[in-house]
Amino acid sequence: MMGLSDVTVRFGAQLLYTGVSWQLRTDGHYGLVGANGSGKSTLLRLLAGELTPEEGQISRPGALRIGTLPQDRFDYDDDPALGVVLMGRPALGSALAERERLLAETDTGAAIGERLAELEVTIGDLDGYALESRAAALLAGLGIEQGRHARPMRELSSGLRLRVLLAQTLFADPDLLLLDEPTNHLDIPSIAWLEDYLRAFRGTFVVVSHDRHFLNAIADTIADLDYGELRLYPGSYDDFERAKELAVRQKEVEIARTEARVQELQRFIDRFRAKATKARQASSRKKQVERIVLPEVTRSSRRTPSFRFRARRRSGRDALRVSELARGYGGTPVFDDVSFSVERGERVAVVGANGVGKSTLLKTVAGVLAPDAGGVEFGHAVSFGYFAQDHRELLGGEQSALAWLSAVDSESAADVATVRGALGAVLLGGEEAAKSCSHLSGGEAAKLLLAGLMVRRPNLMILDEPTNHLDLEGRDALMQALRTYDGTLLFVSHDRHFVSSVGTRVLAIAPGGVVEDFHGSYEEYLERRGADYLAGAGSTPRGSARRARAGSGPARSRERERASAASRLVRAVEEHELAVADLERQVAELDRRFLSPGYYQRTPRDQVDADARRQLELRSRLDALLAEWERASADLEALGTHR
């Protein structure tokens, strides 16, 4: 398998990372995480050979088959979806396409017959007919029904085109699979199918994702890009979060301890520099200060937005009533006869398989689309705010983010301080506020729309995929803010962790508009139903999925042993940190006693000697404990970075 050695990457004056080394395991299942702009996509391009590092080496075996998700969704407009998937294996795709062209010829002379015979042999040698069935199964698993397999790509939406290209990448059966945000534009059933596929994948993959549940399901190692470096953490994303928190605390403790020691020595120098009796001692301390080199402090690239949603006024008890609602496109119904009501304070998650019209339902409730039949009735004093999945529906033009947000509250114009405060809270302050809406990235646009809801303060929020384009820090911050929101919430999301954490009620929409209404969280809904209703007939039941993740055999046994060793080391490091902090507090108290004015004059000689012995004993114990802490920390880091 390939590896990186001392790789450094810059974009202009910006240093993304330096000295990155990474040896990928043959069967490694990696989740690559980091803040927006930390260089995750760039790292995938380095692995794929699309970029060359400024410094360092990349070793890549010549026979290594690398699969990446194509970026141009419009390359295959005239090709059928199934044919595009088959192009993942060029020899087979080419043979099948040529056979189809020849079969369509009206002139079927001897030459064409001979060529068709040759193609049949080629297709048979490549196991083409079995693989054609497998390609169709990949499309079906990703939510593209069989009736669309033979239709040209131009008839598919942008999201469905992406799914076809993902199927093409998987069909190529690469040794190394590189996927950048593969769950974007996938619904929950398709994500569940992809989870099962990747868990069973026999090669190596590196997946960039902001979906916590997805990472927990697929990854056995988390690769974290932060502080300008890459560090590997064994286990799931939840395991990574705990270990990451400990690593940050360790770094902070180390820096704080060094800085405190320098300050202590400097205070002694300043106090006694002018006193002849203490001049020699002060000079010695000054030399100690000069020998101490403070470590360079590289700050984390992670930044967490601060969302806060508060209703301007309280609505009536009945916030929303939907009655016999129907909506379609071009004479084709999307849903029909949908009825439900929502009470004040409920957080309702709308879920369902792809194509049942979840987004269309929210658009119709919000008044973006007119219903074909039925009606939508808002309760007393209800004011609603709408978050569109396609941000261009609400943002556009060349006005700046600041100008857009200043004009968003038509009910009572927000003052400049409120608007700028909201922009700063969502990390769009300073120069970012002057960006035109048309030039905002997906994440910036999402945060601006959420800032608009913060300023408007509606008591009913209708949110269509609000976590799209947000990084993990943004998703977690939004999740916490919505859980404390004092209004009513109706939302669609494909992020299962988000749905499970935020929703207090589930509206599951089946094809045809049949609504299953469940009062409780999404996890409770799944427990009552036994298997995941949303995952479809081909999915793995929840219990089976957990057993499949646990696995068996020597590789999984080694994983469990590493996880157990990591857990023991984490406990040891935490215990050492607490003990170090207590000893440092005691040493500091004695140091302050020695440095206090008049200490030697008012303290009996035997007490001074006792304090000196106590100080020596504490420092000796502290040095020994620090050595143990450093050994445990080094062992923990080695376990996380050398797999």
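Under a 3.5 Å cut-off, the side chain of Ser500 and the backbone N or O of His497 do not form any donor-acceptor pair. Listed for the Thr488 side chain is a donor-acceptor partner under 3.5 Å among the backbone atoms of Gly345. A donor-acceptor contact shorter than 3.5 Å links the side chain of His29 to the backbone of Phe201. Side-chain N or O atoms of Asp239 include one that pairs as donor or acceptor with a backbone N or O of Ser236 at under 3.5 Å. With hydrogens and angles disregarded, no donor-acceptor distance shorter than 3.5 Å links the side chain of Trp22 to the backbone of Ala223. Listed for the Arg161 side chain is a donor-acceptor partner under 3.5 Å among the backbone atoms of Leu156.
In summary, the side chains of His439 and Ser436 do present a donor paired with an acceptor at a separation below 3.5 Å, with no hydrogens or angles considered. A donor-acceptor contact closer than 3.5 angstrom is absent between the side chains of Glu54 and Thr8. Counted by atom type alone, Ser190 and Arg163 present one or more donor-acceptor pairs between their side chains at under 3.5 Å. Asp464 and Ser359 share a donor-acceptor pair across their side chains, judged by distance under 3.5 Å alone.
The shortest heavy-atom contact between Pro182 and Leu166 is O-CD2, 4.2 Å. Taking all atoms of both residues into account, the shortest heavy-atom contact from Gly67 to Pro174 is N-CB, 3.4 Å. Between Tyr30 and Arg25 the shortest heavy-atom distance is OH-N, 2.9 Å. What you find for Lys447 and Leu470 is that their closest heavy atoms are CG-CD2, 3.7 Å. Among all heavy-atom pairs drawn from Ala433 and Leu423, the shortest one is CB-CD1, 3.8 Å. Across Leu460 and Leu489, no two heavy atoms sit closer than the pair CD1-N, 4.4 Å.
Taking the six-membered ring wherever Trp is involved, the centroid distance between the rings of Phe498 and Phe491 falls below 6.0 Å. Between His391 and His469, the ring centre distance stays below 6.0 Å.
Counting heavy atoms from C-beta outward, Val382 and Asn459 have side chains that approach closer than 4.5 Å. For the pair Glu398/Ser438, a side-chain contact is recorded, criterion being any heavy-atom separation below 4.5 Å from C-beta on. Side-chain contact between Asn216 and Phe214 is absent, with no heavy atoms from C-beta onward closer than 4.5 Å. Looking only at side-chain heavy atoms (C-beta outward), His494 and Glu465 come within less than 4.5 Å of each other. In this structure, Met479 and Arg483 have side chains that are in contact, with non-hydrogen atoms separated by less than 4.5 Å. Residues Arg327 and Val338 are not in side-chain contact: their nearest non-hydrogen atoms beyond the backbone lie 4.5 Å or more apart. With a 4.5 Å cut-off on side-chain heavy atoms, Leu395 and Leu449 count as touching. With contacts defined as side-chain heavy-atom distances shorter than 4.5 Å, the pair Thr221/Tyr233 does not qualify.
Taking the six-membered ring where tryptophan is involved, the planes of Tyr525 and Phe518 are perpendicular, since the angle between them exceeds 60° and thus also 30°. Ring-plane geometry between Phe378 and Phe384 is classed as parallel, the angle between the planes falling under 30 degrees on a 0 to 90 degree scale with a further cut at 60. Between Phe240 and Tyr237, the ring planes are tilted. Angles from 30° to 60° get that label.
The CZ atom of Arg199 sits 4.5 Å away from the CG atom of Asp196 when rounded to the nearest 0.5 Å. Once rounded to the nearest 0.5 Å, the distance linking OG of Ser501 with CZ of Arg475 reads 12.0 Å. Atom CG of Leu230 sits about 7.0 Å away from atom CG of Leu32, to the nearest 0.5 Å.
The pair Arg212-Glu241 counts as a salt bridge, with a side-chain nitrogen and a carboxylate oxygen less than 4.0 angstrom apart. Glu229 and Arg231 are joined by a salt bridge, as a carboxylate oxygen and a charged side-chain nitrogen come within less than 4.0 angstrom of each other. Ion pairing of Asp517 with Arg505 is present here, as a side-chain N (NZ or NE/NH1/NH2) and a carboxylate O approach within less than 4.0 Å. Salt bridge Lys435/Glu432: present, at least one basic N to carboxylate O contact under 4.0 Å. Salt-bridge annotation for Lys40 and Asp180: absent, with no side-chain N of the basic residue lying under 4.0 Å from a carboxylate O of the acidic one. Salt-bridge check for Arg242 with Glu245: failed, with every basic side-chain N at 4.0 Å or more from each acidic carboxylate O.
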(request) Tell me, with the steps shown, if Leu453 and Phe307 meet side chain to side chain contact (heavy atoms under 4.5 Å, CB included). (result) CA-CA 10 Å; Leu453 295 173; Phe307 300 113; over 6 Å; no
